[in-house]
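Just so it is clear, the model here is predicted, and its values are computed rather than measured. Proteins come first, then strands; the chains are lettered A, B, ... in the order of their sequence lines, and each starts at number 1.
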Number of protein chains: 2
Amino acid sequence: MDELAQSDPSPAAETRWALARAATLCEQRGTRLTDLRKRVLEIIWSSPVPLGAYAILDVLRDDGRQGAPPTVYRALDFLLEQGLIHRLATLNVFTGCRRPDSFHGGQFLICRDCGQVDELNNPTVEALLRAEAASRRFDALSQMIEVLGRCPECRREAESHAR
Amino acid sequence: MDELAQSDPSPAAETRWALARAATLCEQRGTRLTDLRKRVLEIIWSSPVPLGAYAILDVLRDDGRQGAPPTVYRALDFLLEQGLIHRLATLNVFTGCRRPDSFHGGQFLICRDCGQVDELNNPTVEALLRAEAASRRFDALSQMIEVLGRCPECRREAESHAR
DNA sequence: TCCGTTATGTTATAAAGTAACAATTGCTAT
DNA sequence: ATAGCAATTGTTACTTTATAACATAACGGA
Ligand SMILES: [Zn+2]
Ligand SMILES: [Zn+2]
Ligand SMILES: [Zn+2]
Ligand SMILES: [Zn+2]
């Protein structure tokens, strides 16, 4: 199980996996993945790049659903609490989490050019940071790592244009 | 030299050191640390907690100086470019850099309760992240690490109240 | 089915950041 | 000196992001 989290499935399959996983997790936890929350999660997973709250709101309105900013932000807060999405603070956007089973700090490679993100999972880095915090008697509650740069595609693109 | 960056001097001494260091660096680089930029840097260093752009603007206005948001943001942009300050994206605030001589990614412990921050300097973490990026053919330009939690003081405070 | 809780709708506003253009300042070359 | 150019700052207006406050609706257990 969870094979889809490891391989490289189609976006649609990935979205289906994420929604199913979310439903199971919320069931287990006794939290309610309502239609609205599920739809917001789906919108996030369906996008090739992370979306901002207002972009999500636009999609909801295209759905014909009524809504205002709080509608989206409340759904996002729920999804964040459940560890189903991450917020990329440097860009004010939200992206689906590929390992929602275990709460963890976000580790991201973010392409400055196309906006695509890649979620890392480096336990060594997480442990080192926890140790640093502990050595200073700091009670670490969450970690956020955002590496900005250029993804392989945009890199190639830029290099070909440079000639 | 730079002994103040290592020890634990008074806030005022720290501010003086930061301003002197900034002046030297800008001189060397041929960039202009104008009165406005110097004052913004001073405001940032003088505060026990990182300040947002509008809080800085309020201080400038208290100075009697005229100003609007762009005034502050432009000064902040300059200081960021020069590596004299960092921006904490999770809180939309700015804090002085303790090692402005070498450009580097930010590594911070941020207290959720009192807002105080502690800048780390863990080359291992930085190297690991660079390696992760490189292994994915990602061209890393900058890193930002923000660990949110509770500082020792607020931790003690909370524990004493818990009883 | 009643009631308390949780979730959503709605209006208004706060907070953060930027675009565009005008005025000023500082530097350089005559 | 001073004209001319570039960099900095002033100013107005606006966009984007996020939240407060209160009303309505849906859900779930007695
Ligand atoms: Zn994740
Ligand atoms: Zn890219
Ligand atoms: Zn620094
Ligand atoms: Zn604290």
Side-chain angles (χ1 to χ4, degrees), chain A residues 22-23 26-27 29-44 47 49-82 84-95 115 144 146, chain B residues 22-23 26-27 29-44 47 49-82 84-95 115 144 146:
Chain A
C26 289
E27 174 96 16
R29 295 169 184 166
T31 57
R32 293 175 48 203
L33 187 65
T34 61
D35 281 353
L36 174 64
R37 291 164 174 174
K38 194 186 302 183
R39 179 63 181 132
V40 169
L41 185 59
E42 185 182 29
I43 291 168
I44 289 172
S47 169
V49 296
L51 298 177
Y54 283 76
I56 294 168
L57 182 55
D58 286 341
V59 178
L60 284 177
R61 284 174 170 157
D62 289 347
D63 283 358
R65 201 187 272 265
Q66 65 247 85
T71 309
V72 176
Y73 280 104
R74 284 188 290 228
L76 291 171
D77 285 345
F78 173 84
L79 297 172
L80 285 168
E81 274 168 22
Q82 297 297 316
L84 297 170
I85 62 173
H86 293 284
R87 178 182 135 89
L88 305 182
T90 54
L91 299 179
N92 297 324
V93 294
F94 301 85
T95 191
M144 191 65 211
E146 303 181 41
Chain B
C26 289
E27 174 96 17
R29 295 170 185 166
T31 56
R32 292 174 52 202
L33 187 66
T34 61
D35 281 355
L36 174 63
R37 292 164 174 175
K38 194 187 303 185
R39 179 64 182 130
V40 169
L41 184 59
E42 185 182 28
I43 291 168
I44 289 172
S47 169
V49 296
L51 297 177
Y54 284 74
I56 294 167
L57 182 54
D58 286 343
V59 178
L60 283 177
R61 283 173 170 158
D62 288 347
D63 283 359
R65 201 187 274 265
Q66 64 247 88
T71 309
V72 176
Y73 281 104
R74 283 188 291 229
L76 291 170
D77 286 344
F78 173 85
L79 297 172
L80 285 168
E81 273 168 22
Q82 296 297 316
L84 297 170
I85 62 172
H86 293 283
R87 177 180 134 90
L88 306 182
T90 54
L91 298 179
N92 298 325
V93 294
F94 301 85
T95 190
M144 190 67 213
E146 303 182 39

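- For B/Tyr54 and B/Arg32, each mapped to the nucleotide of DNA chain C holding its nearest heavy atom, the one lying further toward the 5' end belongs to B/Tyr54.
- Side-chain contact check for A/Leu33 versus A/Phe78: some heavy-atom pair is nearer than 4.5 Å.
- What you find for A/Pro50 and A/Leu88 is that their closest heavy atoms are CG-CD1, 4.0 Å.
- Side-chain contact between B/Leu76 and B/Ile56 is present, with heavy atoms from C-beta onward closer than 4.5 Å.
- A/Lys38 places its NZ atom 12 Å from the P atom of C/dT8, with the value rounded to the nearest Å.
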Checklist entry - B/Leu36 and B/Arg65: side chain to side chain contact (heavy atoms under 4.5 Å, CB included), yes or no, with the steps? => result CA-CA 9 Å; B/Leu36 174 63; B/Arg65 201 187 274 265; 3.9 Å; yes
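- Looking at B/Arg39, its side chain never comes within 3.5 Å of a backbone N or O of B/Leu60 through a donor-acceptor pair.
- Look at CD on A/Gln82: it is 14 Å from C1' on C/dT6, rounded to the nearest Å.
- The stretch residues 86-93 of chain A comes close to DNA chain D through A/Arg87, A/Asn92, each having a heavy atom under 4.0 Å from the strand.
- At distances below 3.5 Å, not a single donor-acceptor pair connects side-chain atoms of B/Arg37 with backbone N or O atoms of B/Leu79.
- A/Val93 and A/Gly52 get closest at one heavy-atom pair: CG1-N, 3.8 Å.
- If you walk DNA chain D from 5' to 3' and mark each nucleotide with an atom closer than 4.0 Å to a heavy atom of chain A, the marks span D/dT17 to D/dC27.
- Computed from coordinates, the A/Arg39 CZ to C/dG9 P distance equals 14 Å when rounded to whole Å.
- B/Gln82 places no side-chain N or O within 3.5 Å of a backbone atom of B/Cys26 that could act as its donor or acceptor partner.
- At distances below 3.5 Å, at least one donor-acceptor pair connects side-chain atoms of A/Thr71 with backbone N or O atoms of A/Ala68.
- Scanning all heavy atoms of the two residues, the minimum distance from A/Ala53 to A/Phe94 falls at N-CE1, 4.1 Å.
- Of all the residues in residues 64-77 of chain A, A/Gln66, A/Ala68, A/Pro70, A/Thr71, A/Arg74 reach under 4.0 Å from DNA chain C with at least one non-hydrogen atom.
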Checklist entry - side chain to side chain contact (heavy atoms under 4.5 Å, CB included) between B/Asn92 and B/Arg87: does it pass, once the steps are laid out? => result CA-CA 7 Å; B/Asn92 298 325; B/Arg87 177 180 134 90; 3.4 Å; yes
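- Distance, B/Ile56 CD1 to C/dA16 P: 11 Å, rounded to whole Å.
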